[in-house]
Amino acid sequence: MRIDKLISQYGFGSRKEVKAILKHGVVSVDGEVVTNPQTRVNPETSVVYVGDVLIEYEKYVYVMMNKPAGVISASYDDEETTVCDLLDEKHQWFDLFPVGRLDKDTTGLIILTNDGGFAHRALSPKKHVEKVYLAQVDSELGQKEARAFENGITLDDGYRTMPAGLEILNDKMARVIIKEGKFHQIKRMFEALGVNVIWLKRTAFAGIDLDEGLAPGEFRRLSQDEMNIIVNLLSKD
Ligand code: URA
């Protein structure tokens, strides 16, 4: 890994700023002063100091974002704004990607990480990871719809969903709990019942709740408790 990337990830600023820091001769690798930003280091074993600050390498980073509407769940796109475009400079260095997809108009919790193993497990259909959504719809919901969700719904392509939860909060608003993630799943489940979704917000993923203190577009690192949920998920077969 390049020394300028390692130092930027730690939070010392942009590539340009880090280049200036290096030029000042205040960066050392295993006791030797390093000034070339292209110098390669082994982040796991090299002891790197900027002045008297020891750079602690983080291999895997996990953040939660409150995804705003109008932004796509991808790492990069030529035309559209992506969730990764909303990260700050420091987090741009970690090559994070979103774990799963929310539709462009869906808001709420999305986890971004550079841990491919976690993403793979969290998205595996075998894991039945729970996702919770709030849905506002265009017609009245009742016991008929709740029972249909409970029994599983046959979608437009013939796929029958697993049993899902529909907790009716008021006539046209419900909490939906699903344990799988087919394309446009919730919209298509409602559509099969003749109901249109007006807006959709994910409030929880794998037992991690959206931090309602995050404004749309904001993100933060997962807390220790939230990380424990992830470690648990990774350790289960
Ligand atoms: N179901 C949908 O229809 N859309 C989403 O974004 C997520 C679940």
Side-chain angles (χ1 to χ4, degrees), residues 62-77 79-87 96-113 118-141 145-169 172-212 214-219 233:
Y62 306 82
V63 306
M64 71 156 73
M65 180 179 283
N66 183 1
K67 178 191 168 301
V71 166
I72 63 167
S73 305
S75 306
Y76 173 80
D77 194 89
E79 277 146 37
E80 308 267 12
T81 306
T82 71
V83 285
C84 291
D85 292 334
L86 303 180
L87 294 168
L96 303 183
F97 56 85
V99 179
R101 280 173 188 268
L102 292 178
D103 297 339
K104 187 172 168 185
D105 58 351
T106 301
T107 62
L109 175 61
I110 191 148
I111 292 180
L112 295 106
T113 185
F118 166 68
H120 182 74
R121 283 179 166 236
L123 298 174
S124 162
K126 285 189 224 131
K127 287 268 174 189
H128 304 313
V129 165
E130 190 172 272
K131 295 122 193 159
V132 183
Y133 294 82
L134 270 184
Q136 172 87 53
V137 297
D138 71 344
S139 41
E140 274 188 31
L141 298 170
E145 286 78 16
R147 263 197 305 275
F149 270 69
E150 231 172 74
N151 292 333
I153 292 177
T154 304
L155 303 180
D156 45 9
D157 58 0
Y159 175 76
R160 192 175 174 84
T161 67
M162 287 172 58
L166 182 73
E167 288 170 32
I168 298 167
L169 302 174
K172 295 184 181 173
M173 169 117 63
R175 182 175 293 117
V176 182
I177 301 153
I178 57 174
K179 293 192 172 175
E180 53 192 341
K182 300 285 172 207
F183 186 59
H184 296 327
Q185 178 159 343
I186 292 178
K187 290 174 187 163
R188 288 162 70 211
M189 288 174 86
F190 277 114
E191 258 162 40
L193 305 177
V195 175
N196 292 308
V197 172
I198 311 250
W199 59 254
L200 192 62
K201 174 181 180 179
R202 183 155 69 188
T203 59
F205 179 88
I208 297 172
D209 291 325
L210 173 66
D211 180 343
E212 294 288 349
L214 291 174
E218 284 184 350
F219 69 94
L233 190 76

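Order of listing sets the numbers, starting from 1, for every ligand and every atom in it. Side-chain atoms are counted along with the backbone in the values below, which use heavy atoms only and exclude waters and symmetry mates. Start at 1 with the first residue, then count along the sequence.
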### Summary
shortest atom 1 (N) of ligand 1-to-protein heavy-atom contact is with I186 N, 3.1 Å
### Query
Starting from atom 4 (N) of ligand 1, which protein heavy atom do you reach first, and at what distance in Å?
D103 OD2, 2.7 Å
### Salt-bridge contact D103-K187 (side-chain N to carboxylate O under 4.0 Å)
yes
### Query
Can a salt bridge be assigned to the pair E130 and R175 using a cut-off of 4.0 Å between side-chain N and carboxylate O?
no
#### Entry: Value rounded to 0.5 Å, distance of CG in L141 from CD in E167
12.5 Å
### Residue Q185 vicinity, atoms of ligand 1 by number, heavy atom under 4.0 Å
1 (N), 2 (C), 3 (O)
### Message
With heavy-atom distances below 4.0 Å as the criterion, list the atoms of ligand 1 near T106.
### Response
4 (N), 5 (C), 6 (O)
### Which segment of I178 sits under 4.0 Å of ligand 1 when only heavy atoms are counted
neither
### Task
Report the relative orientation of the aromatic rings in Y62 and F118; use parallel for angles under 30°, tilted for 30 to 60°, perpendicular for over 60°.
perpendicular
### Message
Which residue is it: I198, L169, V197? I am looking for the one with a side chain to side chain contact (heavy atoms under 4.5 Å, CB included) to Q136.
### Response
I198
### Task
Show your reasoning for whether side-chain contact (heavy atoms from CB on, under 4.5 Å) applies to L102 and Y133.
CA-CA 11 Å; L102 292 178; Y133 294 82; 3.9 Å; yes
### Message
If you measure every N or O of Y133 against every N or O of ligand 1, does any of those distances drop under 3.5 Å?
### Response
no
### Message
Regarding ligand 1, does H184 bring an N or O atom to under 3.5 Å of one of the ligand's N or O atoms?
### Response
yes
